[in-house]
Amino acid sequence: MKLSSFFSEKQNEICHKGEQNNQNKDIEFQPSSAQEGSQYQSGDCESEASMDTLELSKDSLSSDEQKASAFEERESGDFTVDEGEYDYETACSESRNDTDGNLGVPQSPNAKSRCSNLFSTRSTGSHLSLSLEKSAAKPSGRPHSTLTDPNFVENYFKYSRLHFIGTWRNRYRKRFSNLLEAKGIKLSADHSGKKKTIIHIDMDCFFVSVVIRNMPELHDKPVAVCHSDNPKGTAEISSANYPARNYGIKAGMFVRDAKARCPHLMIVPYNFDAYEEVADQFYGTLHKHCSKVQALSCDEAFLDMTECLHDNPEEVTQRIRSEIFHATKCTASAGIAENMLLARLATRSAKPNGQCFIPSEKADDYLSSLSIKALPGIGHTVSSKLKSKEIEYCSQLRNVSKDALHKDFGKKTGDLLWNYCRGIDHSIVGSVQETKSVGAEINWGVRFNDNKDAEHFLNNLCKEVSLRLQGCGVQGRTITLKVKTRREGAGEPIKYMGCGDCETTSRSMTIAGATDSFVTLQRIAKQLFSALHLDVL
DNA sequence: ATCCTCCCCTAC
DNA sequence: TAAGGTAGGGGAGGAT
Ligand SMILES: Nc1ccn([C@H]2C[C@H](O)[C@@H](COP(=O)(O)OP(=O)(O)OP(=O)(O)O)O2)c(=O)n1
Ligand SMILES: [Mg+2]
Ligand SMILES: [Mg+2]
């Protein structure tokens, strides 16, 4: 059996380079956090000497237990919802089998693992994450794992779509820094009773549209972006165009399931450079029409047109969309409303290649029949909890008192639910926000035979985080390491080179002076890993 | 009260 | 074969 374990590191408390102070050099690490672990305490954290591989290696080698990664279980949960067309649980049956049940809430846990480290002094931080997995005794054959590629970390990120979208914001920040004035962000303060005009705009099936933008013959055929065209494969669909969605194909689905629904589905490869270029054209157009632009992702933004409006909002929106199409040969859809919530919901109705205006007097009607799960910020866990009480639509949610929502979901989420189901949203369109953390994690292809493998991987992850910190020009003081370990009794991962069903644990440590140094990260990460008392094998 | 650590949840 | 990342919001529970 194989085992896999993950870990990640994270550093918090970032500070902009330049100002940091080191107060006490002596005490570089504050043992405090590390010890929390508690029982364990063997002092790993304190003495560097002890940290040595010895302790680690012993532990790790000694036990045979296996640990695996967890993605699968939870994943299933995340997606189950929609129309039931694609049952992720089935796809990931592993997870379910596993046993033990967990606690309470129905499949709540997500399986995602992440590892990260972050630092920060003030506002920035960095994350580092690693994942480890023990490899099966003999099958060394895996072509794409930490066991066979010494530069696995570096290579992995070149091909990861989630890494691309996850780091896009930092690139955007650099590219458009001249246009971003760090102003007020999201604090909900909408006291100016003035009516606003908000536009939410999102490119249609972005990754597919960009790749086929010069291939009109494919526009009405089902097409999806994926690394693999193997009809038995577990590669994930990144984006599917609208003809493909008619077959029930969605992002995140395994390619074998997509092919089963639509055998003639055309698979096209990723083109990250083109996504970057089209996103720049998209944002270039937006900034031309509006000074208040909030980027949500590479293909999606909010515009506060209240003060940039010269014409009818719908005509302006039409113009912006035409201009985007002219510049990119890709279509965008937009929603227009008086607040960000309604504008975003309007976009959904508008897709594909359309636009939709929701006047505030129609908001109540529009929301009544809307599923709670469709509200932004409400995912599988919250919506399932409500559904178990027979509350599925916004109209039903309006009958639940604020107190009851607070009790079940906490203050903030309770307020959000209460407001959103009534179409209330006071957030304001902001431009940039200060970085709070920086991290890196890998939950695929991570396999270790011994502690050396794990250490090598961890070091590479530290290097990655160090570079990212330097790239952002920030440093951090709190380093967090997260590790995934295969859950007891979990079988092989369903997904090729996946992490499977894992348990995640994390440890963090705050140091006196902010850092972006590889050597420092490496040292702290090692201590944190050791404090977790995990066995590699 | 407020802060801190270790999670969980969400979205792209 | 295939590339399951990243970051912020938020809560529980303990320390201060
Ligand atoms: N699970 C996901 C979600 C998104 N993406 C990538 C591919 C998408 O093209 C891009 C933008 O995400 P969207 O949610 O905007 O999805 P699309 O643009 O593909 O479709 P839509 O027309 O619904 O916006 O992010 C991904 O790789 N995996
Ligand atoms: Mg889109
Ligand atoms: Mg989008």
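Order of the sequence lines fixes the chain letters, A, B, ..., with proteins taken first and strands second; residue numbering starts at 1 for each chain. As a basis for the values below, the full set of heavy atoms in this structure was taken, side chains included, without hydrogen atoms, waters or symmetry mates. Treat the numbers as computed from the prediction; the structure is a model and nothing was measured.
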So if I take every side-chain heavy atom of Leu162(A) and compare against dG5(C), dT6(C), dC6(B), which nucleotide ends up nearest? dG5(C)
Is Leu416(A) touching bases, backbone alone, or none of the nucleic acid, heavy atoms closer than 4.0 Å? nothing
Take atom CG of Asp149(A) and atom P of dT1(C), then tell me their distance rounded to the nearest Å. 16 Å
Would you call the rings of Trp444(A) and Tyr496(A) parallel, tilted or perpendicular, where under 30° means parallel and over 60° means perpendicular? perpendicular
On the nucleotide dC4(B), are OP1 or OP2 found under 4.0 Å from the side-chain N or O atoms that Thr510(A) carries? no
Grab the NE2-P distance between His200(A) and dA11(B) for me, whole Å please. 12 Å
Ranking dG5(C), dC7(B), dT1(C) by distance to the side chain of Thr505(A), first place goes to dC7(B)
I want to check one thing: is the phosphate of dC9(B), taken as OP1 and OP2, less than 4.0 Å away from some side-chain N or O of Lys385(A)? no
From the list Asn230(A), Ile267(A), Ile237(A), side chain to side chain contact (heavy atoms under 4.5 Å, CB included) with Lys259(A) holds only for Ile267(A)
Would you mind reading off the distance between Trp168(A) atom CH2 and dC12(B) atom P, rounded to a whole angstrom? 14 Å
As a test of reading the structure: which of dG5(C), dC6(B), dG8(C) is closest to the side chain of His163(A), going by heavy atoms? dG5(C)
Glu464(A) CD to dT6(C) P, in whole Å, measures 8 Å
Backbone N/O of Phe164(A) and side chain of Arg171(A): donor-acceptor pair under 3.5 Å: yes
How many Å lie between CG on Asn419(A) and C1' on dG9(C), as a whole number? 16 Å
Does the Gln294(A) side chain pair with the main chain of Val429(A), one donor and one acceptor, at a distance under 3.5 Å? no
Ignoring backbone atoms, establish whether Thr381(A) has a side-chain N or O less than 4.0 Å from OP1 or OP2 of dC8(B). no
Anything under 3.5 Å between a protein N or O and an N or O of nucleotides 11-13 of chain C, put it in a table, one pair a line.
residue	atom	partner	partner atom	Å
dG11(C)	OP1	Lys411(A)	N	3.2
dG11(C)	OP1	Lys412(A)	N	2.7

What is the distance from CD1 of Ile378(A) to P of dG9(C), rounded to the nearest Å? 16 Å
Checking Trp168(A) against Tyr172(A) for the ring pair (Phe, Tyr, Trp, His ring centres under 6.0 Å) test, could you report, in this order, the C-alpha distance in whole Å, the side-chain angles of both residues, the deciding distance, and whether it holds? CA-CA 6 Å; Trp168(A) 174 84; Tyr172(A) 167 77; 4.9 Å; yes
Figure out the NE2/P separation between His227(A) and dA3(C), and round it to whole Å. 6 Å
May I ask you to say what Arg169(A) touches in the nucleic acid, namely base, sugar-phosphate or nothing, with a heavy-atom cut-off under 4.0 Å? nothing
Please determine if Asp403(A) and Lys407(A) form a salt bridge, counting it only when a charged side-chain N lies under 4.0 Å from a carboxylate O. no
With nearest nucleotide decided by heavy atoms, which residue, Thr167(A) or Ser228(A), maps closer to the 5′ end of DNA chain C? Ser228(A)
Sugar-phosphate, base or nothing in reach of Phe157(A), heavy atoms under 4.0 Å: sugar-phosphate
If you check the Tyr159(A) side chain, which of dC9(B), dG8(C), dA3(C) turns out closest? dA3(C)
Check whether any side-chain N or O of Arg256(A) sits under 4.0 Å from OP1 or OP2 of dT1(C), and answer yes or no. no
For the side chain of Lys436(A), counting heavy atoms from C-beta on, which of dG9(C), dC12(B), dT10(B) is nearest? dG9(C)
Closest of dT6(C), dG9(C), dC9(B) to the Gln433(A) side chain is dG9(C)
What is the distance from CD1 of Ile165(A) to C1' of dG8(C), rounded to the nearest Å? 15 Å
Ring-on-base stacking between Tyr156(A) and dA3(C), under 5.5 Å between centres and under 30° between planes: is it there? no
Using 30° and 60° as the class limits, which term best fits the ring planes of Phe272(A) and Phe207(A): parallel, tilted or perpendicular? perpendicular
May I ask you to decide if Ser145(A)'s main-chain N or O and Arg447(A)'s side chain share a donor-acceptor pair within less than 3.5 Å? no
Looking only at side-chain N and O atoms, does Arg507(A) come under 4.0 Å of OP1 or OP2 in dC6(B)? yes
Ser437(A) side-chain N/O to dG8(C) phosphate OP1/OP2 under 4.0 Å: yes
Name the orientation class of the two ring planes belonging to His200(A) and Phe302(A) (parallel below 30°, tilted from 30 to 60°, perpendicular beyond 60°). tilted
Side chain of Ser297(A) - closest among dC6(B), dA3(C), dC12(B): dC12(B)
